[in-house]
Amino acid sequence: MLSLKDRIYTNSAIKAPPGSKVVVAGWVHRLRVVGKICFVILRDREGLIQVVIKRDKSPQMFDEASQLKQEDVIAVKGEIVPSKASIGGVDLVAEELVVLSKTIAPLPIFPDDWEKTSLAKRLDWRFLDLRSPRNLLIFRVQDKLENAMRHFYRENGFIEIHTSKLVAEATEGGAEVFPVIYFDKTAFLAQSPQLYKQMMVIAGFERVFESGPAYRAEKHHTPRHLTEYQSIDIEMGFIEGPEDVMDMVERATLRALSEVASSYSKLVKELLDVDITLPKEVIKIKLTDACRLIEGTPTPCPSNYDISTEHEKAIGEAVANEYGTDLFFITDYPWIARPFYTMKSDDNPEFTRSFDLIYKGVEIVSGSQREHRYSKLVEQMMEKGLRPEKFSFYLEMFKYGAPPHGGAGLGLERLTMTTLGLKNIREAKLLPRDPERLTP
Ligand code: 4AD
């Protein structure tokens, strides 16, 4: 009798020696009846295998198989038989077939037809959409990126933390917050773990990281903004400058990209037609110098250097032409464009000890050295129009021994999107949220 306990994935089944008996289970990907033979392409997480059901062997099994529909769920026990024209050069000749689940309505979308289906409809039927091997691959790559970073930071002495996503105040100037009814008060969904990760450095953890959700009430509809995204944050104490943070971010990013390249470059090429190439070098360029590169173009930087995504894209192209790399840091952003906690530059207080990491023309990381001197921090808060008394829990930390520190936040979906050349960030989020979408 067929038992699911004996089940192996299709990628192992196609490698099994001819003559072996195996059990596979999955979804009916394709079905074809030719005379007295029924051919079922069975799909599981790891790939496809052709199952052959012969009428001569069992008329009853053949009848059952002929009535299968795309996306029915089946389990098959059979023998591996060489077959040059089949997937992996083998067929699975069925000896037992069990129908585990039947589709009970016409399919609203066909997983394989993702290219012909609008993104909105695909997202409405996300569980079906994700059955496309191409779409599943996006999330395997994302899993690899996140885990590579997690390992990297752990190896470099960072402690993983989980901070509250219910907060009393906004932290990232400019980005809007979602209010939440919190008993008799209004709370907000955290835009970033910013203040808490700083708190843990000051609490003596020295180096922390967190991978968690961040919420932004961004009303605009763009291909690179979500209202909920996964933020990989780090914060480190006893730094000499933002370069120490940049170095860590650079190494983590390269590690993540190289792990994806070594595990998935062949599949990514096959299913997404993208080459995962590691950048030759990661350069650092001051924002004012980067802006010089796009002077005289249709999108020159504004005179106050508060640049937008169009400028980042143009700078990305210019840097690629000039320096032959698509992964680089822009440093020294103006004070008007950065949050209150950012440390100002020593030589010019109009600028800051900050940076963004740009990959293929898209900002994937933002970071800085933080202001750790109490009186300067209060001053900066007031400059940004914030009321220090609202941040007393945060400010208190700077009165009792706060080492110089800095950190950065990386958007996991942005990294996934750029790595895989996706046109819309929603493709890189399992269940994207935007101003219109709250389901599924
Ligand atoms: O530039 P942001 O807002 O910086 C912070 O949150 C700081 N607390 C980080 C720090 O440690 N200084 O966001 C950081 C990153 C961006 O570079 C981007 O990758 C991602 O988070 N991000 C978004 N991703 C998707 N949708 C959005 N609406 C995003 N907003 C930011």
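Read the numbers this way: they start at 1 and go in the same order the structure lists the ligands and their atoms. Positions are given from 1 along the sequence.
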Out of all atoms in ligand 1, which are within 4.0 Å of some heavy atom of [X]? Include the element for each.
{"X": "Ala408", "value": "10 (C), 11 (O)"}
{"X": "Ser192", "value": "6 (O), 8 (N)"}
{"X": "Gly367", "value": "12 (N)"}
{"X": "Tyr341", "value": "7 (C), 8 (N), 12 (N)"}
{"X": "Val365", "value": "17 (O)"}

Heavy-atom distances under 4.0 Å are what count here, so tell me which part of [X] touches ligand 1: side chain, backbone, both or neither.
{"X": "His225", "result": "both"}
{"X": "Lys197", "result": "side chain"}
{"X": "Glu363", "result": "both"}

May I ask you to check whether over 12 heavy atoms, not counting those of Lys360, lie within 6.0 Å of atom NZ?
yes
Does atom NZ (Lys390) have a neighbourhood of more than 12 heavy atoms from anything else shown, all under 6.0 Å?
no
For Ala408, side-chain contact (heavy atoms from CB on, under 4.5 Å) partners two or more places apart
Ile234, Val245, Val249, Phe355, Val365
Would you check the N or O atoms of [X], main chain and side chain alike, for any that come under 3.5 Å of an N or O of ligand 1?
{"X": "Ile425", "value": "no"}
{"X": "Glu235", "value": "no"}
{"X": "Ile364", "value": "yes"}
{"X": "Arg370", "value": "yes"}
{"X": "Ile234", "value": "no"}

Out of Phe355, Tyr359, Tyr229, whose heavy atom sits nearest atom 25 (C) of ligand 1?
Tyr229
Nearest neighbour of atom 14 (C) of ligand 1 from the list Ala217, Gly409, Ala428, Ser368, on a heavy-atom basis:
Gly409
Closest contact, heavy atoms only, Arg126 versus Leu430:
NE-O, 2.8 Å
Taking a cutoff of less than 4.0 Å between a non-hydrogen atom of the residue and any ligand atom, is Arg216 in contact with ligand 1?
yes
Looking just at side-chain N and O atoms, do Arg338 and Ser366 make a donor-acceptor pair shorter than 3.5 Å?
yes
Is it true that the side chains of Glu46 and Thr10 contain a donor and an acceptor less than 3.5 Å apart?
no
Side chain to side chain donor-acceptor pair (under 3.5 Å) filter on Lys121, not counting sequence neighbours, yields none
When you look at Phe398 and Arg373, which way does the side chain to side chain contact (heavy atoms under 4.5 Å, CB included) test go after all the steps?
CA-CA 7 Å; Phe398 296 85; Arg373 295 159 294 188; over 6 Å; no
With Asp434, which of Arg426, Lys219, Lys429, His220 fulfils side-chain hydrogen bond (donor to acceptor under 3.5 Å, both in side chains)?
Arg426
Pick from His225, Gln230, Arg224, Glu427: which one makes a side-chain contact (heavy atoms from CB on, under 4.5 Å) with Glu413?
Gln230
